Each structure stands twice: as C-alpha cells, then as structure tokens.
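Keep in mind that this is a model prediction, so the values were computed, not measured. Each residue takes its place number in the sequence, starting with 1.
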Amino acid sequence: MARPARRIAISGEDDDQLRALETSPHTHPKARLRANILRLHRQGWSVPQLSKHFGRNHQAIHNDLTRFAERGILGLADECPPGQPSLITPGIEQFLHEKLQEQRFWNAPLLCEDIEKQFGIVIRPRALANHLRRLGYSWKRARSSPAKKLDPEVAQQHQVSLETLKRGHWTASSP
C-alpha cells in the first residue's frame with residue numbers, strides 16, 4: 001500500500017520569507033534548496049515529484065518537510081557544526097560592516113588588528129577571510145597606480161634612491 005500524500009500548510013507570510021531566502025545570494029545553498037522545495041510543495045508538488053525534480057530520495061524530502069513543520073523557517077538551516085564556536089559575534093560583524101563601508105583599503109590582517117584593538121579578541125586572518133566570504137564579501141587585489149606618468153627628469157634624479165631601495169639598505173651602506 002502506498003504512503004498517503006503528505007501536505008504541510010505554508011502561510012503566505014512564510015512563503016514570502018522562503019522566497020527571500022531562495023533569492024538571497026547570502027543564503028547557504030542547502031537552506032536555499034530547502035526553501036525551493038517548500039515553495040514548490042506549497043504549489044501542490046508531491047513528494048515523488050519533488051524527489052525526481054531535485055534528484056533527492058523521498059526520505060530527504062520528508063525530512064525537509066518535517067524540519068519546517070517542527071521548527072518553521074529556522075528549521076531550514078543546518079545545526080551548528082561541532083567544534084569550537086566562532087569568535088566573531090554579531091557585534092563584531094556589525095563592526096566589520098561599518099569598517100568595510102569606509103573609503104579605504106582593507107585586508108584581513110588590518111581588520112584583525114582593528115578587531116583586536118576594539119574587542120581584545122585575536123582572530124587569524126584566514127579565519128576572518130572565511131567568515132567574510134560567508135557574509136558575502138569578496139577580496140580583490142589592491143594595486144596602487146600613479147595618477148599620471150612620471151616626469152623623466154624627476155625619475156632620473158631619484159633613480160639612485162630607487163636602486164638603493166631595491167637592493168636593500170644594508171647592501172647600500174656597506175663598503
């Protein structure tokens with residue numbers, strides 16, 4: 001005997017939140033997939049149809065529906081992974097958002113130094129870069145370029161200084 005069709009009631013308000021999660025680039029891919037499954041379920045798709053469409057087994061679809069039925073929108077996200085909890089609190093996240101809005105060059109080590117000064121927490125640059133990537137930020141190479149081409153006479157006057165800097169100070173001062 002076949003399993004009876006399962007239906008979960010999803011309100012219009014929940015559907016709006018699911019649509020926002022589904023279209024947000026900051027939503028985790030698993031949560032986005034679950035939101036998509038729930039929205040199609042609300043439109044009348046059955047578990048076998050959803051299973052075939054998403055290439056997942058029936059039990060995985062039932063698990064997604066059960067998570068939503070028991071915990072609502074919060075059930076779409078996975079539980080916290082095991083291990084050490086993140087050092088980055090919501091207050092630090094807000095601080096990062098404010099710093100990254102400033103019109104200046106930021107890299108992970110500079111941000112880590114500011115976090116240590118402000119909050120007294122030591123965070124490694126790689127961990128901070130990973131967290132910022134999860135928040136939707138991306139890194140770009142910063143290059144300084146002159147606003148205009150150097151005057152050849154000025155460049156010639158400073159050529160000796162530039163060569164000294166390229167070789168290093170200690171080799172220039174040795175006899």
ask   = So, for Ile121 and Ile115, which heavy atoms are closest and what is the spacing to 0.1 Å?
value = O-CG2, 3.9 Å

ask   = Is the closest side-chain donor-acceptor distance between Gln157 and Glu153 under 3.5 Å?
value = no

Spatial distance of atom CG (Asp16) from atom CZ (Arg39) [nearest 0.5 Å] = 8.5 Å

Salt bridge (charged side-chain N to carboxylate O under 4.0 Å, His left out): pairs with one or both residues in residues 42-54, sequence neighbours excluded = Asp15-Arg42

message = Can you give me the closest heavy-atom contact between His41 and Ile8, atom names plus distance?
response = NE2-N, 3.0 Å

request  = Determine the interplanar angle of the Trp45 and His53 rings, folded into 0 to 90°, and report it as parallel if under 30°, tilted if 30 to 60°, perpendicular if over 60°.
outcome  = perpendicular

key: Distance-minimising heavy-atom pair for Ala108 and Pro125   = CB-O, 3.6 Å

query = Is there a chain of hydrophobic side chains (I, L, V, M, F, W, Y, each step under 4.5 Å between heavy atoms) that links Trp139 to Phe105?
reply = yes

message = Testing the basics here: between His97 and Gln101, what is the closest heavy-atom pair and its distance to 0.1 Å?
response = O-CG, 3.0 Å

Leu18 CG to Thr23 OG1 distance, which is reported to the nearest 0.5 Å = 10.5 Å

request  = List for me each residue that meets side-chain contact (heavy atoms from CB on, under 4.5 Å) alongside Thr89, sequence neighbours excluded, and say none if there are none.
outcome  = Ile92

request  = Would you check if the side chain of Thr27 reaches a backbone N or O of Arg32 as a donor-acceptor pair within less than 3.5 Å?
outcome  = no

ask   = Between Ser24 and Ala20, is there a donor-acceptor pair closer than 3.5 Å when you use the side chain of the first and the backbone of the second?
value = no

task = Could you list the residues that satisfy salt bridge (charged side-chain N to carboxylate O under 4.0 Å, His left out) with Glu13, not counting sequence neighbours?
result = none

task = Report yes if the side chains of Arg67 and Asp78 come closer than 4.5 Å at any heavy-atom pair, otherwise no.
result = yes

request  = Compare all side-chain heavy atoms of Tyr137 with those of Leu96 and state whether any distance is below 4.5 angstrom.
outcome  = no

message = Looking at every heavy atom in both Ile123 and Cys112, which two are closest together, and how far apart are they?
response = O-SG, 3.1 Å

task = Might you confirm whether atom CZ of Arg124 has over 12 heavy atoms from other residues, nucleotides or ligands at distances under 6.0 Å?
result = no

ask   = Does any non-hydrogen side-chain atom of Pro48 lie less than 4.5 Å from one of His58?
value = yes

ask   = Taking only residues two or more places apart in sequence or in another chain, which ones pass side-chain contact (heavy atoms from CB on, under 4.5 Å) with His158?
value = Val154

ask   = Atom CZ in Arg34, atom NE2 in His28: separation rounded to 0.5 Å?
value = 8.5 Å

request  = Using the side-chain contact (heavy atoms from CB on, under 4.5 Å) rule, take Ile10 and Phe68 through it: C-alpha gap first, then chi angles, then the decisive distance, then the call.
outcome  = CA-CA 9 Å; Ile10 300 173; Phe68 180 77; 3.7 Å; yes

ask   = Salt bridge or not for Arg71 and Glu79, using N-O below 4.0 Å?
value = yes

query = Quick one: side-chain contact (heavy atoms from CB on, under 4.5 Å) partners of Glu93, sequence neighbours excluded?
reply = Ile88, His131, Leu135

query = Does CD in Glu98 sit with more than 12 non-hydrogen atoms of other residues, nucleotides or ligands closer than 6.0 Å?
reply = yes

message = For the CZ atom on Arg104, are there more than 12 heavy atoms of other groups (residues, nucleotides or ligands in this structure) within a distance under 6.0 Å?
response = yes

ask   = So which heavy atom on Ser51 is nearest to which on Asn57, and how close?
value = OG-C, 3.6 Å

inquiry  = Would you say that Leu38 contacts Asp14 through its side chain, given a criterion of any heavy-atom pair below 4.5 Å between the two side chains?
reply    = no

key: Basic-acidic side-chain contact under 4.0 Å: Lys30, Asp64   = no

key: Separation of Leu21 CG from His26 NE2 (nearest 0.5 Å)   = 12.0 Å

message = List the residues meeting side-chain contact (heavy atoms from CB on, under 4.5 Å) with Asn36, not counting sequence neighbours, and say none if there are none.
response = Glu22, Leu40, Phe54

